[in-house]
Amino acid sequence: MRQYEMVREEWTLGSRFNQRDQKRKVNKIYNIAITVVSILIVIVAVSIFLSDDGTDTEKATTEPKQTVEKDAKKKVDKPAGKEEDTDLTKEDEEEDSKATEEGTEENTEDGTDTDTNKDTDTDTVTDTDKAEDAKLVEVEGSGDGNVATTYTSESWKPVGTEQSGEHTTSFQKKSVDWNEMSKAIAHGAGIDQGNMRLWWLQNGGSPNTAIGTVSEGDNPKTFRVYIEWVDGSGWKPVKVEELKTNDKK
């Protein structure tokens, strides 16, 4: 009996010892697991922190680069704009210079033509030449009772012509010959051609002569102007009759 109790006590002690040993093992496992989990948590937290810090650093680094690139683009674009403006300005200046040169050439050509005309045809007059500036000489009339005064002048010159070759008198209105005859008639009468009223224009009795009856605006004073053609120089007034009344009105 006593042996049985001793065995029982030993078994109880062994059982308790085993339980304690198991608890210790379990506690160690728990401690190890907790430690591992804690380490994992720390690692994950550090990784997250480092990754966030790296992202912020990249953003901070990228933004200055972008700003620098934008500023550089602006700086590059501005000179380009200036170059475009400069190019446009140069083009405008070149165009103005060309236009000025062309105008100068045209003026030079016109002046040369005028000088040439003066040199080659000293007997040609301009529109500004007036009969009153010429030395008028009164001459004997034709005996027409409607003629108040008859006069002529050695100062009258041909008015010039645009025609070339053999001349043919034309009484067609607005033709070149008609306009040149009107110019010569105005010159002989001492009237501004732009204010002259041409009442009648007829042949003067030969192919290269003509007679025109004119007045100035509303002025009742009327003139009968005789003109003749000068080869290469145009029409020239040769005689003017101041009429008492307008017989062509």
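Computed over heavy atoms, backbone and side chain alike; hydrogens, waters and symmetry mates excluded. Everything numeric here is computed off the predicted structure, so don't read it as measured data.
At least one side-chain heavy atom of L243 sits less than 4.5 Å from a side-chain heavy atom of T213.
A distance of 7.0 Å separates NZ of K249 from CZ of R197, quoted to the nearest 0.5 Å. Once rounded to the nearest 0.5 Å, the distance linking CZ of F171 with CG of L201 reads 5.5 Å. A distance of 12.5 Å separates CD1 of I227 from NZ of K183, quoted to the nearest 0.5 Å. Here the CH2-NZ distance, from W200 to K248, works out to 5.5 Å after rounding to the nearest 0.5 Å. Here the straight-line distance linking atom OG1 of T149 with atom NZ of K244 works out to 9.5 Å at 0.5 Å rounding. Atom NZ in K174 sits 8.0 Å away from atom OG in S182 (nearest 0.5 Å).
A single hydrophobic cluster is not seen to contain both M196 and I211; linkage of ILVMFWY side chains at heavy-atom distances under 4.5 Å, directly or through other members, places them apart. With hydrophobic clusters built from ILVMFWY side chains whose heavy atoms lie under 4.5 angstrom apart, L198 shares a cluster with M181. Residue V44 is not grouped with residue I41 when hydrophobic side chains (ILVMFWY) are merged at heavy-atom distances under 4.5 angstrom, including chains of intermediate members. The hydrophobic cluster containing V230 does not contain V238, counting ILVMFWY residues as joined when their side-chain heavy atoms lie under 4.5 angstrom apart, directly or transitively. A single hydrophobic cluster is seen to contain both V214 and Y151, as judged by linkage of ILVMFWY side chains at heavy-atom distances under 4.5 Å, directly or through other members.
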Determine all donor-acceptor pairs shorter than 3.5 Å in which one atom belongs to a side chain in residues 26-34; sequence neighbours excluded.
residue, atom, partner, partner atom, Å
N27, ND2, K23, O, 3.1
N31, ND2, N27, O, 3.1

Under 3.5 Å, side-chain donor or acceptor atoms of residues 219-226 against the rest of the protein: list the pairs with distances, not counting sequence neighbours.
residue, atom, partner, partner atom, Å
N219, OD1, K221, N, 3.0
T222, OG1, P220, O, 3.0
R224, NH1, D144, OD2, 3.2
R224, NH1, E241, OE1, 2.8
R224, NH2, D247, OD2, 2.8
Y226, OH, E241, OE1, 3.3

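In the hydrophobic clustering (ILVMFWY side chains linked at under 4.5 Å, chained through shared members), V176 stands by itself.
Minimum heavy-atom separation, S233 to P158: O-CB, 3.4 Å. Nearest approach of G188 to W156, heavy atoms of both residues: O-CZ2, 3.7 Å. Across A189 and V240, no two heavy atoms sit closer than the pair N-CG2, 4.5 Å.
Judged purely by atom type and a 3.5 angstrom limit, T169 uses its side chain to pair as donor or acceptor with the backbone of P207. One N or O on the side chain of S153 and one on the backbone of K135 form a donor-acceptor pair closer than 3.5 Å. At distances below 3.5 Å, at least one donor-acceptor pair connects side-chain atoms of E180 with backbone N or O atoms of E162.
N246 meets the side chain to side chain donor-acceptor pair (under 3.5 Å) test with no other residue; sequence neighbours excluded. Looking at residues two or more places apart in sequence or on another chain, you find a side chain to side chain donor-acceptor pair (under 3.5 Å) between T209 and S206. Evaluation of the side-chain contact (heavy atoms from CB on, under 4.5 Å) rule for S175 yields S170, Q172, D177, W178 as partners, not counting sequence neighbours.
The side chain to side chain donor-acceptor pair (under 3.5 Å) test with H167 singles out one residue from D231, T161, N208, and that residue is N208.
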